[in-house]
Student: 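Below you will find the structure I want to go over with you.
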Amino acid sequence: MEYDHSTYISPLTWRYGSDEMKHIFSEEHKRKLLRRVWIALARAESKAGLVSQEQVEELEAHKDDINIDRATEIENTIHHDLMAEIRTYAEECPKAGGIIHLGATSMDALDNADAVRFKEAMALTIRRLDDLIRMLSDKAEEFKAVPTMAFTHIQPAEITTIGYRLAQTLQDLLDDRENAESVLTAIKGKGMKGAVGTAASYSVLLKGTSVSAQELEKMVMDELGLEAFDAATQTYTRKQDLRIIAVLSSLAATLHRFSLDLRILQSPPIGEFSEPFGKKQVGSSAMPFKRNPINSEKICSLSRIVESQYQTAWMNASSSILERTLDDSANRRIFIPEAFIATDEMLLTELKIISGMNIHSTATDRLMSDYGIFASTERLLMELGRHGADRQEMHEVIREESLASWALVQEGKGNPLKKRLKENARIREYLPEEEIDALLDAHDYTGDAEKRTEMVIERARKTLR
């Protein structure tokens, strides 16, 4: 089978995701994992005297001789993909061909192979996440004390720091990592339990040997590096897939939120952040001046693909009737690899953004100049109250002056609020001009943002030790 651009190829095949992640979900790797399962089963059965050492060695010798063309040819005749792979393997192993898959049902091989590669994929995701956490921690450290306007309802509010804004995403990523690590540790295989999970076939096969069905299962799973579910039907519980997708969906939400914020902050009226932009990069086919945040937009776009897979995983988990139905098989071939590969692409893109992102001090200064003074009026109000002024009366005074000044700012004129407040006679009854001036400097009105940023960074660094 050869595919090129004359037919449909998923963008996740050639456009998105790393070669490493795509290899994990390749047909070649899948079939090699299936052969690992069959070799582990044969080795365990050899200890029960059912398989010879020579047969095990023959299986080992041909474990990497994957022939997808031959397997496809057989499948086109028998319409069973796993049996086609078994027959392909058997043709390569004339002495051991007859004992491949002995006692097993299809999902004994497929579900255990899937569990191995899901662990591989989640481990790779966590490594990418660690790189991102490390890079974002350094960026938050660098800007932990740099004041900037905070926005609520997408309107200028009070003052935060750039580092504290980054720390919000860093904190969410740490939670995502904790959940990913928990799911990775908990991933289990079906085990070797046969057609409906009772291991009846193995019990019959092992009758008269010194090995029980549960002992055989443990030998196989130990070789695969997996723990088996205590109970299973023909498959492992599809709740496991749901937990995996839930972790990826949560991570996608974190990346989407940060990327959406960056898109807003890159808009010229704010202009505080911008993602890297290549010297020869084209922003628009029609408007040569454009610097579109295409990387952040890509993350937002792919995150919707990952989130949408949760519904499919939920349906599989809730709709597997009795001991097994096959209505999960086709969609699992699609949505689980796609969720991992899309997440991989988002993490790689976010790493590129953070490593080259620009934080424009001129824009930050402009925002502070235009809007910071409004935030600091809260501090002025508190200080007036401390000096015996009527809180309600002073609130009205400041409100009137603020609204008048805001109207001028909206017209593109300079912000006169500080001058108006310093000259207001009712305020001057309680505070001298120089103290009013100091109170209205918003640059240090950031509360404990710097300290809290340091707390998140410290948690990140402890996690990565």
Side-chain angles (χ1 to χ4, degrees), residues 1-31 68 72 81 114 117-118 120-129 131-132 176 180 241 244-260 262-263 266 275-278 280-286 290-316 328-357:
M1 293 180 293
E2 293 184 5
Y3 298 99
D4 58 27
H5 291 287
S6 65
T7 187
Y8 174 78
I9 304 174
S10 169
L12 295 170
T13 299
W14 65 279
R15 189 178 183 94
Y16 302 126
S18 66
D19 290 342
E20 191 176 1
M21 184 64 83
K22 286 185 280 196
H23 173 72
I24 290 171
F25 290 101
S26 69
E27 275 299 309
E28 179 181 287
H29 186 57
K30 171 187 173 182
R31 290 162 197 259
I68 296 177
T72 302
D81 60 335
D114 271 349
R117 64 177 178 166
F118 294 167
E120 293 172 343
M122 189 62 77
L124 177 57
T125 300
I126 291 171
R127 292 203 300 275
R128 300 260 193 263
L129 192 47
D131 290 341
L132 182 56
D176 291 328
D241 297 348
I244 289 170
I245 295 300
V247 164
L248 300 180
S249 177
S250 176
L251 175 55
T254 301
L255 298 174
H256 182 284
R257 181 178 182 272
F258 180 77
S259 298
L260 182 58
L262 197 152
R263 289 163 60 192
Q266 184 163 328
E275 61 179 49
F277 193 87
K280 295 187 177 182
Q281 184 172 332
V282 176
S284 167
S285 63
K290 295 288 289 297
R291 291 173 62 98
N292 298 336
I294 59 172
N295 290 302
S296 297
E297 289 174 323
K298 178 175 69 175
I299 290 172
C300 290
S301 183
L302 289 174
S303 69
R304 296 171 194 168
I305 296 293
V306 177
E307 187 281 329
S308 68
Q309 309 303 352
Y310 187 85
Q311 178 68 25
T312 305
W314 188 93
M315 290 297 295
N316 288 350
D328 65 343
S329 179
N331 65 50
R332 290 180 78 250
R333 296 173 192 264
I334 299 170
F335 84 86
I336 299 177
E338 287 191 348
F340 272 111
I341 295 169
T343 300
D344 191 54
E345 177 67 20
M346 286 190 287
L347 287 168
L348 290 171
T349 304
E350 199 70 85
L351 282 164
K352 182 169 68 174
I353 290 172
I354 298 298
S355 67
M357 72 184 292

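Residues: numbered from 1 along the sequence shown. Because the structure is predicted, anything quoted here is derived from the model rather than measured.
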Student: Taking the side chain as C-beta and beyond, is there a heavy-atom pair between Phe25 and Met21 under 4.5 Å?
Tutor: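 Yes; the side chains approach each other to less than 4.5 Å.
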Student: Using a 4.5 Å cut-off on heavy atoms from C-beta on, say whether the side chain of Arg128 contacts that of Leu132.
Tutor: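 Result no, sub-4.5 Å side-chain heavy-atom pair not found.
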Student: Any idea which heavy atoms bring Ala313 and Ile245 closest together, and the distance?
Tutor: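 In this case the closest contact between Ala313 and Ile245 is CB-CG1, 4.1 Å.
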Student: Can you tell me how far the CG atom of Leu255 sits from the CG atom of Leu302, to the nearest 0.5 Å?
Tutor: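 So the CG of Leu255 and the CG of Leu302 are separated by 10.5 Å.
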Student: Between Glu275 and Ile294 (side chain of the first, backbone of the second, donor and acceptor by atom type, cut-off under 3.5 Å), is there such a pair?
Tutor: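 Answer holds: yes.
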Student: Once you round to the nearest 0.5 Å, how far does CG of Asp114 lie from NZ of Lys30?
Tutor: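 Spacing of CG (Asp114) from NZ (Lys30) equals 7.0 Å.
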Student: Does a side-chain heavy-atom distance below 4.5 Å link Arg263 with Leu260?
Tutor: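 Answer yes - side chains close enough.
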Student: Going by atom types only, do Thr312 and Asn331 share a side-chain donor-acceptor pair under 3.5 Å?
Tutor: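 No, no side-chain donor-acceptor pair sits under 3.5 Å.
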Student: Is a side-chain N or O of Thr343 found less than 3.5 angstrom from the main chain of Ala339, in a donor-acceptor match?
Tutor: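 Yes, Thr343 side chain to Ala339 backbone: donor-acceptor pair under 3.5 Å.
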Student: Between Ile24, Ile244, Leu124, which is the residue that forms a side-chain contact (heavy atoms from CB on, under 4.5 Å) with Phe340?
Tutor: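 The residue from Ile24, Ile244, Leu124 that satisfies side-chain contact (heavy atoms from CB on, under 4.5 Å) with Phe340 turns out to be Ile244.
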Student: Under a 4.0 Å threshold between the charged nitrogen and the carboxylate oxygen, would Lys298 count as salt-bridged to Glu345?
Tutor: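 The answer is yes: the pair qualifies as a salt bridge.
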Student: Evaluate side-chain contact (heavy atoms from CB on, under 4.5 Å) for Ser259 paired with Met346, printing each intermediate quantity in order.
Tutor: CA-CA 10 Å; Ser259 298; Met346 286 190 287; over 6 Å; no
Student: Closest heavy-atom contact between Tyr16 and Ile341?
Tutor: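 So the minimum-distance heavy-atom pair works out to O-CG2, 3.7 Å.
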Student: For Trp14, enumerate each residue passing the ring pair (Phe, Tyr, Trp, His ring centres under 6.0 Å) test, keeping only those at least two apart in sequence or located in another chain.
Tutor: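 By the ring pair (Phe, Tyr, Trp, His ring centres under 6.0 Å) rule, Trp14 matches His5.
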Student: So how far is it from Ile336 CD1 to Gln309 CD, rounded to the nearest 0.5 Å?
Tutor: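 The CD1 atom of Ile336 sits 9.5 Å away from the CD atom of Gln309.
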Student: Less than 4.5 Å apart, any side-chain heavy atom of Gln266 and any of Ser296?
Tutor: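 No, side chains not in contact.
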Student: Are more than 12 heavy atoms, taken from residues, nucleotides or ligands other than Arg257, located less than 6.0 Å from that residue's CZ atom?
Tutor: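 No, because the 6.0 Å sphere around CZ of Arg257 holds 12 heavy atoms or fewer from other groups.
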Student: Is there side-chain contact between Lys22 and Thr13, with at least one heavy-atom pair below 4.5 Å?
Tutor: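 Result no, sub-4.5 Å side-chain heavy-atom pair not found.
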Student: CD1/Ile68 to CD/Glu28 distance, rounded to the nearest 0.5 angstrom?
Tutor: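 Ile68 CD1 to Glu28 CD: 6.5 Å, rounded to 0.5 Å.
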Student: Return yes if a side-chain donor-acceptor contact under 3.5 Å exists between Asn316 and Asp241, otherwise no.
Tutor: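 Judged by distance alone, the side chains do not pair up.
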Student: Do Asp81 and Arg333 come within less than 4.5 Å of each other through their side chains, counting heavy atoms only?
Tutor: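 They are in side-chain contact.
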Student: According to ring pair (Phe, Tyr, Trp, His ring centres under 6.0 Å), who are the partners of His29, at least two apart in sequence or on a separate chain?
Tutor: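 His29 satisfies ring pair (Phe, Tyr, Trp, His ring centres under 6.0 Å) with His23 only.
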Student: Would you compute the distance between atom CG of Asp344 and atom OG1 of Thr349 and round it to the nearest 0.5 angstrom?
Tutor: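 Here the interatomic distance stands at 9.0 Å.
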Student: Report yes if the side chains of Leu251 and Leu347 come closer than 4.5 Å at any heavy-atom pair, otherwise no.
Tutor: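 Sidechains of Leu347 and Leu251: in contact.
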Student: Rounded to the nearest 0.5 Å, what separation is found between the OG atom of Ser26 and the CZ atom of Arg117?
Tutor: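 It is 8.0 Å, given to the nearest 0.5 Å.
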Student: Please report the shortest heavy-atom distance between His256 and Ser303, naming the atom on each side.
Tutor: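 His256 and Ser303 have their closest heavy atoms at CD2-OG, 3.1 Å.
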Student: How close do Asp4 and Ile9 get, heavy atom to heavy atom, and via which atoms?
Tutor: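 Heavy atoms only, the tightest pair is O-CD1, 3.1 Å.
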Student: Can you name the nearest heavy-atom pair linking Asn295 to Pro276, along with the distance?
Tutor: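 Reported closest heavy-atom pair: ND2-O, 4.4 Å.
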Student: Can you name the nearest heavy-atom pair linking Val306 to Ala342, along with the distance?
Tutor: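 Answer, listing the atom of Val306 first, then Ala342: CG2-CB, 3.8 Å.
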Student: Under 3.5 Å, is there a donor-acceptor pair between the side chain of Ser250 and the main chain of Val247?
Tutor: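 No.
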